Amino acid sequence: MDPKIKKSRVEYWPEILDLYRLVAQVSGKLARTSEEISGEYVKTFLKKSHETGLSLIAFEGMNIVGEIHAYKLEPNVFSHVLSELTIAVHPDFQGKGIGKALFSAFLTEVETRRPDIFRVELISRESNKKAIQFYSSLGFQQEGRFEKRIDSGNGTFEADIPMAWTNPGFKHAKNK
Ligand SMILES: CC(C)(COP(=O)(O)OP(=O)(O)OC[C@H]1O[C@@H](n2cnc3c(N)ncnc32)[C@H](O)[C@@H]1OP(=O)(O)O)[C@@H](O)C(=O)NCCC(=O)NCCS
């Protein structure tokens, strides 16, 4: 598939809300459950991504079938980092190249237009093997393990895996 990738706009929040709720119905992927995904949650991540980071959406025809976003954390010591990265592709459209198209566009945008960003970071639960393999293929490196960080909901806990990608287009403000 060859989705149309665009920067998101805050007006798209209802469609993005539907997308995230649907994706969260499959347990063990996103950190939040469907019930924990609200309009406020979506509007807040869109606002933060528009202010300091990036949010892209994938369209198939008129429908939003995927979204990716990340933004800066507040303390200034993190001003070279895009964090809290989340990506979601509509369940009926997974495994068709949409996630790869979205994520590649995201990293290209950071590399070519965001010299202020040195690092893009994310965390994925260890059992989400497909996602971890996908991030490795894009150049993300595993940086350790947060043991027993995820409550699997069945009386067991699993590790959360921190990963990061380094931006070849980074220019330190002092060297600009
Ligand atoms: C993870 C996710 C974003 C990937 O998007 P996608 O559109 O399904 O993925 P793509 O079709 O673009 O495939 C990307 C890569 O994923 C891997 N992949 C895809 N389908 C796979 C499968 N069924 N099994 C194993 N790996 C698979 C491959 O490495 C593929 O790369 P390749 O094309 O070089 O082989 C998407 O499946 C999703 O939204 N999952 C649920 C939410 C989630 O887990 N989000 C991440 C939270 S950290």
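If you're wondering where the values come from, they're calculated on a predicted model, not measured in any experiment. Atoms within a ligand are numbered from 1 in the order they appear, just like the ligands themselves.
The atoms of ligand 1 that sit less than 4.0 Å from any heavy atom of K96 are 11 (O).
Judged by distance alone, the side chains of S55 and S49 never bring a donor and an acceptor atom under 3.5 Å apart. Counting only N and O atoms by type, the side chains of T156 and N154 include a donor and acceptor under 3.5 Å apart.
Taking distance alone, with nitrogen or oxygen atoms compared against 3.5 Å, G99 approaches ligand 1 more closely than that limit. Of the N or O atoms in A88, none lie within a sub-3.5 Å distance of an N or O in ligand 1. No N or O atom of L30 sits closer than 3.5 Å to an N or O atom of ligand 1.
By the definition of a contact as any protein heavy atom under 4.0 Å away, atom 3 (C) of ligand 1 is in contact. In this structure, atom 40 (N) of ligand 1 has a protein heavy-atom contact shorter than 4.0 Å.
Contacts of V23 with ligand 1, taken as heavy-atom pairs under 4.0 Å, involve the side chain alone. At a heavy-atom distance under 4.0 Å, only side-chain atoms of N128, from C-beta outward, approach ligand 1.
For Y41, the ring pair (Phe, Tyr, Trp, His ring centres under 6.0 Å) partners at least two apart in sequence or on another chain are F45.
Heavy-atom separations between F103 and ligand 1 are all 4.0 Å or longer. Put simply, part of G97 is less than 4.0 Å from ligand 1, judged by heavy atoms.
The heavy atom nearest to atom 32 (P) of ligand 1, out of those in M1, E67, K100, Q94, is found in K100. Between the choices K129, K130, M163, K29, the shortest heavy-atom distance to atom 25 (C) of ligand 1 belongs to K130.
At the top of the distance list for atom 8 (O) of ligand 1, counting protein heavy atoms only, stands G95 N, 2.8 Å.
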